[in-house]
Amino acid sequence: MPELPEVETVVRGLRGPLVGRTITGVSYDYPGGLVTPDGPIFAARIVGQTVQSIERRAKYIVIRLDPDTLIIHLKMTGRLYVVPNDHVDYADRWVHFNFQLDNGHQLRFSDSRKFGRVYLVGDQSEVTGRLGPEPLDDDFTLDAFRARIQGRSGTLKPLLLNQFFLAGMGNIYVDEALFASRLHPLRRADTLREADIARLYEAIRAVLREGIRREGASVNWYRKPDGTKGSAQDGLQVYGHAGDPCPNCGRPIEKTVVGQRGTHLCPDCQQ
DNA sequence: CGGACAACCTGGCGGC
DNA sequence: TGCCGCCAGGTTGTCC
């Protein structure tokens, strides 16, 4: 669920309460969620480090400490929020990491399905170094996208979900971008014409920007750091709309499986 | 390079 | 009301 717009919203919501804070302790009850370093080193190494800045790279939340970097991936059910030590929250039942801050607050990482991952590294590129370009960066131009997609032969949906091809898209926004560009999820990348590539490029950027503007899609688990829902789900055209009339032609939206993922499309509008 | 599939997990939901 | 079984999906790793 948390894709680029959701993670971007989380990052923006965490900056205020976290930047400038020093971590004074950490506890966790699911060692499997800690990728690196080894458990015995983790607490000793992070305690005493101060948050310098918070950024997003793909779907990773990158918290720059000094000298290390704390990186968190929410996967599907992860939630991050900062609350006073004595605050009781509904999502606390799934908290597996709890970072104590120097101002009587805590950064809590709740994750019911335990898919989320935590990294503490000296060099961010250990985790995010091989990811594809950021679709909303200024230097991700139409020319850059064209150069990247030319020479690829795979089907569009799995290609757009591939984080090494393009960073940040997930199941929701890929379905939306393909609908907006009138391209079928099974369309092969090497059959796209110039106009198709241009429409797809614009659609990717548009759906992601709209997702951020609406502060993410709370289809089920995703919440903003303040616990409230985003509203991007209200603007979705096809995702979660199986059987509903296509906003373009009125015929029913279909749900199928592409690349082992639930896929929503209008078979009449998307070719 | 690509595609299929299993694995990691557990809440929520449909069906009975 | 309660139980069973399946579905959801981000990422990695394996295999062909």
Side-chain angles (χ1 to χ4, degrees), chain A residues 1-11 28-36 56-62 71-80 89-97 109-119 121 126-132 134-135 147-178 184-192 208 211 216-223 229-230 232-233 236 238-243 255-265:
Chain A
M1 307 278 130
E3 306 178 24
L4 188 155
E6 289 74 32
V7 177
E8 178 65 28
T9 303
V10 169
V11 163
Y28 58 100
D29 68 357
Y30 181 62
L34 178 63
V35 179
T36 186
R56 179 191 58 73
R57 174 74 173 103
K59 302 169 192 170
Y60 291 88
I61 294 159
V62 179
I71 300 178
I72 297 174
H73 198 303
L74 302 175
K75 290 292 176 83
M76 284 168 296
T77 57
R79 296 184 193 174
L80 277 176
D89 193 280
Y90 173 80
D92 288 344
R93 65 195 67 189
W94 306 295
V95 164
H96 299 300
F97 286 80
F109 182 21
S110 165
D111 182 17
S112 74
R113 287 181 65 180
K114 299 181 176 173
F115 276 27
R117 290 294 179 264
V118 174
Y119 312 74
V121 293
E126 289 176 39
V127 181
T128 64
R130 297 178 53 234
L131 293 166
E134 285 289 329
R148 202 157 180 84
I149 201 166
Q150 282 176 345
R152 302 301 291 246
S153 60
T155 46
L156 283 182
K157 175 152 183 175
L159 183 62
L160 295 176
L161 286 172
N162 182 345
Q163 301 299 297
F164 300 106
F165 174 73
L166 185 62
M169 306 273 289
N171 208 38
I172 296 175
Y173 294 97
V174 165
D175 279 5
E176 293 296 315
L178 288 171
H184 198 284
L186 288 172
R187 180 81 174 266
R188 284 173 52 114
D190 56 8
T191 66
L192 296 185
L208 293 176
S218 292
V219 172
N220 44 32
W221 282 92
Y222 163 73
R223 294 293 183 278
K229 297 184 177 186
Q233 65 278 7
L236 300 180
V238 289
Y239 186 89
H241 286 286
K255 184 173 183 191
T256 64
V257 175
V258 175
Q260 292 80 240
R261 312 296 298 280
T263 298
H264 310 73
L265 76 156

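Because the structure is predicted, anything quoted here is derived from the model rather than measured. Below, chain A is the first sequence line, B the second, and so on; all start at residue 1.
- For A:Phe115, the listed nucleotide lying nearest its side chain is B:dC9; candidates were B:dC9, B:dG11, C:dA8.
- Where A:Gln260 and A:Gly154 each meet DNA chain B at their nearest nucleotide, the meeting point lying more 5' is that of A:Gly154.
- At whole-Å resolution of the value, CE in A:Met76 and P in C:dT12 are 13 Å apart.
- A:Trp221 places its CH2 atom 16 Å from the C1' atom of C:dG10, with the value rounded to the nearest Å.
- The CZ-C1' distance, from A:Arg130 to C:dT12, rounds to 11 Å in whole Å.
- For A:Lys114, a side-chain nitrogen or oxygen approaches OP1 or OP2 of B:dT10 to under 4.0 Å.
- Here A:Ser153 reaches the OP1 or OP2 of B:dG2: one of its side-chain N or O atoms lies under 4.0 Å away.
- Along DNA chain B, the nucleotide nearest to A:Tyr90 and the one nearest to A:Gly151 differ in position, and the one closer to the 5' end is contacted by A:Gly151.
- An OP1 or OP2 oxygen of C:dT11 is reached within less than 4.0 angstrom by a side-chain nitrogen or oxygen of A:Gln163.
- Between the CZ atom of A:Phe165 and the P atom of B:dC1 there is a distance of 11 Å, rounded to whole Å.
- Between A:Lys157 and B:dG2 there is no side-chain polar atom (N or O) within less than 4.0 angstrom of OP1 or OP2.
- Between the side chains of A:Lys255 and A:Thr263, no donor N or O sits under 3.5 Å from an acceptor N or O.
- Remark: A:Glu134 engages A:Arg56 in a salt bridge, criterion side-chain N to carboxylate O under 4.0 Å.
- For the pair A:Ile61 CD1 and C:dT11 P, the computed distance is 12 Å after rounding to whole Å.
- Annotation for A:Arg130: atom CZ does not count as buried by contact number, only 12 or fewer foreign heavy atoms lying within 6.0 Å.
- A donor-acceptor pair under 3.5 Å is formed between the side chain of A:Glu6 and the backbone N or O of A:Glu3.
- Judged by distance alone, the side chain of A:Arg57 and the main-chain N or O of A:Leu131 form a donor-acceptor pair under 3.5 Å.
- At a threshold of 4.0 angstrom between heavy atoms, the contacts of A:Tyr30 are confined to the sugar-phosphate backbone, with no base atom among them.
- For C:dT11, the OP1/OP2 oxygens have no side-chain nitrogen or oxygen of A:Arg117 closer than 4.0 Å.
- Here the C1' atom of nucleotide C:dT11 and the CE atom of A:Met169 are 17 Å apart, to the nearest Å.
- Under 4.0 angstrom from either OP1 or OP2 of C:dT11 there lies at least one side-chain N or O belonging to A:Lys59.
- To the nearest whole angstrom, the two P atoms, one in B:dC9 and one in C:dC4, are 22 Å apart.
- For the pair A:Tyr222 OH and B:dG12 P, the interatomic distance rounds to 19 Å; values are reported in whole Å.
- Ring pair A:His264/A:Tyr239: centre-to-centre distance below 6.0 Å.
- An OP1 or OP2 oxygen of B:dG3 is reached within less than 4.0 angstrom by a side-chain nitrogen or oxygen of A:Thr155.
- Rounded to whole Å, the distance from CZ on A:Arg188 to C1' on B:dC1 is 11 Å.
- The side chain of A:His73 contributes an N or O atom lying less than 4.0 Å from OP1 or OP2 of C:dT11.
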